[in-house]
Amino acid sequence: MSARTSSAQGAAPKPILKKPRVDIDTPKVLKKNVSVHAKTRLVSAHAPVPAPIKGKGKGKGKERATPVEPKIKPQKKTTSVVSDPSSSTSLPTSFKAICGSYEKLLYGLEGTVSSEGAEYSFHLKPIFIFPAHVSCIKAVAASPQGGKWLATGSADEIVKVWDLRRRKEIGGLMHHEGSITHLEFPSRSFLLSASEDGTLALFRARDWAVLRTLNGHKGRVNSIAVHPSCKVALSVGKDRTLRMWDLMRGKGSASMKLGKEAELVRWSTDGSLFAVQAQNTIDVYSTDMELLHSITHPSRLHDIKFCKHIDGDGELLLAGGEDKKLSVYEVPKDHTKVPTIVADMVGHANRVKAIDTIRIALPPGSRREFTSLVCTISSDGKVRLFDLAALPVSSEEKTLLEPVTEYDTKGTRLTCLALADGDSDAKLPVNGKRKREDHEDEDSQEPETEWGPQHAGSGGEEVNASENEEGSDED
């Protein structure tokens, strides 16, 4: 686990902040001294990747050392159904909803589904509620493919890592020097963070070492989005720029001036589009950064999210904001056509603050094998769940969708949301791979050595995007 330090021969390292006492089973922080000797790659998925956009480099000064890339053994081809996201055998049968709040409380809700004949219903119940930080929680993220890791970021400048399965805290990453604004797991092996200090950081989940620090934004980074291939990422910030990062090489690859401060950036599920949100506008771009559409929403927006149709290959864009509802935009396959609102998810008494989605398997005998759930949090303190199966495949009139269940935090001001796979035995290991990977994760966290501050020179290589691409000047 990495931590901020001064020189190895200088002043004493900054002490680790003590954890607040919690009501659930609070673990002792695992301690580990971390040293990074090689750079690693993000594992790529089978998804279209944006064509690289070359910018003129400003390669003056000293040359940087060439990153050492590890040799990757070729993987054997398998015909496992686990790789098919639409197969109900590969989907979780339950899920967890994790919510952060201004009151420093972290809520963990377990979502389950029950059936009676062909009909099914959903339930949310709390499994933990405790103060996770010493300041308000601004970002949460859960690792995919099993949901083992949970990361939370706060105005206290710390990224905390938790083991969701054992409900234990692993420790705190004190790499940033500003409030944490965004967290995302590109895969179950890496964590990407953004901060008000203007940097992005890439952590390795095996030992929580900092692999790269990405510099380029002049001011706060508001949002990051990793392409489905895990090879590139986008970021937007206070400097009114959109930046593209090459995660394979750990450096900036392109930038574009937006002319306004964007608050969010999101990739579509197939990686062929991305959307940039600012105030009440949503700008939709192609992968070569060409503006396709500029959508003016009826109200101020707080979150947007792409998700797939349950039936067919269509795509939806969810948008929640001040109008107390979640608008559902239909994104046509023909990208020259403008997305239009086809449904509204209603029932909120205040602004919608955050959105997340998850696809789960339904009990045997249900009228469907699987469905997609949309979870929202609102400033009214409620967590609501919507079933996308209720959305008609085609309709000339706008559809109103009511929540299928909700949980009331009794007035807590919720700020951020993440959905994770539940603890289910329905996921069968293929050739023992899942079981072996889980044991490796647990072994990597055994408290064999003390977790001390990171020595100088072991915090990962800092990369300045202004030396790799154009457009780094301020407006």
Side-chain angles (χ1 to χ4, degrees), residues 2 4 42 50 52-61 64 138-139 141 151 153-155 157-159 173-186 190-203 210-227 231-267 274-279 281 283 285 287 289 291 303-304 416 459-475:
S2 306
R4 286 202 304 270
L42 287 179
I53 302 173
K54 297 181 179 179
K56 295 181 180 179
K58 300 181 181 180
K60 296 182 181 180
R64 296 186 181 273
K138 305 186 74 172
S154 167
E157 305 181 359
I158 300 175
V159 177
L173 304 170
M174 294 187 290
H175 175 75
H176 289 289
E177 296 181 350
S179 297
I180 310 303
T181 57
H182 199 112
L183 294 168
E184 184 167 345
F185 281 93
F190 297 90
L191 171 66
L192 191 61
S193 64
S195 170
E196 289 187 357
D197 62 11
T199 67
L200 287 75
L202 181 64
F203 299 91
V210 184
L211 296 181
R212 289 294 173 96
T213 300
L214 305 174
N215 295 309
H217 282 285
K218 293 177 171 60
R220 177 181 64 241
V221 181
N222 291 330
S223 177
I224 52 179
V226 178
H227 189 266
K231 293 182 178 180
V232 298
L234 297 173
S235 64
V236 292
K238 189 178 180 181
D239 58 3
R240 301 185 172 189
T241 63
L242 168 76
R243 294 186 179 274
M244 180 179 285
W245 305 92
D246 185 341
L247 296 181
M248 302 294 285
R249 297 176 177 84
K251 63 181 182 180
S253 60
S255 70
M256 179 176 64
K257 294 181 180 179
L258 298 173
K260 56 187 175 183
E261 181 180 350
E263 298 161 3
L264 288 170
V265 60
R266 296 282 189 266
W267 282 104
F274 67 88
V276 176
Q277 177 262 321
Q279 297 291 327
T281 62
D283 294 333
Y285 291 85
T287 53
M289 293 190 175
L291 178 62
D303 200 5
I304 59 175
C416 48
E461 182 180 345
E462 288 199 357
V463 179
N464 195 320
S466 63
E467 296 184 2
N468 295 308
E469 29 90 4
E470 237 179 354
S472 60
D473 297 331
E474 291 183 346
D475 294 338

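These numbers come from the heavy atoms of this one structure, side chains and all, not from hydrogens, waters or symmetry mates.
- In this structure a side-chain-to-backbone donor-acceptor pair under 3.5 Å is present from Ser253 to Met244.
- Taking every heavy atom of both residues into account, Phe203 and Ser193 meet most closely at CE1-OG, 3.4 Å.
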For this session: Kindly indicate, with the supporting measurements, whether the criterion side chain to side chain contact (heavy atoms under 4.5 Å, CB included) is fulfilled by Asp303 and Leu264.
Result: CA-CA 7 Å; Asp303 200 5; Leu264 288 170; 3.5 Å; yes

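- Looking at heavy atoms from C-beta onward, Val226 lies in side-chain contact with Glu184 at the 4.5 angstrom threshold.
- At distances below 3.5 Å, at least one donor-acceptor pair connects side-chain atoms of Ser223 with backbone N or O atoms of Val265.
- Aromatic ring pairs are classed by plane angle as parallel below 30°, tilted from 30° to 60° and perpendicular above 60°; the pair Tyr285 and Phe274 is parallel.
- Note: Arg240 CZ to Lys257 NZ = 11.5 Å, rounded to the nearest 0.5 Å.
- Side-chain contact annotation: His175 with Thr213, donor-acceptor N/O pair under 3.5 Å present.
- Side-chain N or O atoms of Ser195 include one that pairs as donor or acceptor with a backbone N or O of Ser179 at under 3.5 Å.
- Residues passing the side chain to side chain contact (heavy atoms under 4.5 Å, CB included) test with Ala275, sequence neighbours excluded: Ile282, Ile304, Phe306.
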For this session: Decide yes or no on side chain to side chain donor-acceptor pair (under 3.5 Å) for Ser235 and His217, but give the supporting numbers first.
Result: CA-CA 9 Å; Ser235 64; His217 282 285; 2.7 Å; yes

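- A distance of 7.0 Å separates CG of Leu202 from CG of Leu214, quoted to the nearest 0.5 Å.
- Distance alone, capped at 3.5 Å, is enough to place a donor-acceptor pair between the Arg212 side chain and the Arg249 backbone.
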For this session: Please assess Trp267 against Thr287 for the test side chain to side chain contact (heavy atoms under 4.5 Å, CB included), listing each intermediate value before the final yes or no.
Result: CA-CA 10 Å; Trp267 282 104; Thr287 53; 4.1 Å; yes

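- Partners of Ser154 under the side chain to side chain donor-acceptor pair (under 3.5 Å) rule, at least two apart in sequence or in another chain, are Asp156.
- Annotation: side chain of Leu234 is in contact with side chain of Leu242 (closest heavy-atom distance under 4.5 Å).
- Here the side chains of Val159 and Leu191 are in contact, with some heavy-atom distance below 4.5 Å.
- A distance of 14.5 Å separates NZ of Lys218 from NZ of Lys238, quoted to the nearest 0.5 Å.
- Classification of Lys138 and Glu196 as a salt-bridged pair holds, one side-chain N sitting under 4.0 Å from a carboxylate O.
- Contact between Val236 and Glu263 at its shortest, heavy atoms only, is CG2-C, 4.3 Å.
- Residues Ile224 and Leu192 are in side-chain contact: their nearest non-hydrogen atoms beyond the backbone lie under 4.5 Å apart.
- Between Ala139 and Leu183 the shortest heavy-atom distance is O-CD1, 3.8 Å.
- Rounded to the nearest 0.5 Å, atoms CZ (Phe190) and CG (Leu247) are 9.5 Å apart.
- The shortest side-chain heavy-atom distance between Met256 and Thr241 does not fall under the 4.5 Å cut-off.
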For this session: Show the numbers, then the answer: is there a side chain to side chain contact (heavy atoms under 4.5 Å, CB included) between Ile158 and Ile180?
Result: CA-CA 7 Å; Ile158 300 175; Ile180 310 303; over 6 Å; no

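- One finds no salt bridge joining Asp197 and Arg220 here, because no Lys/Arg side-chain nitrogen approaches an Asp/Glu carboxylate oxygen to under 4.0 Å.
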For this session: Tell me, with the steps shown, if Lys260 and Thr281 meet side chain to side chain contact (heavy atoms under 4.5 Å, CB included).
Result: CA-CA 11 Å; Lys260 56 187 175 183; Thr281 62; 3.3 Å; yes

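- When every heavy atom of Ala151 is checked against every heavy atom of Phe185, the shortest pair comes out as CB-CE1, 3.9 Å.
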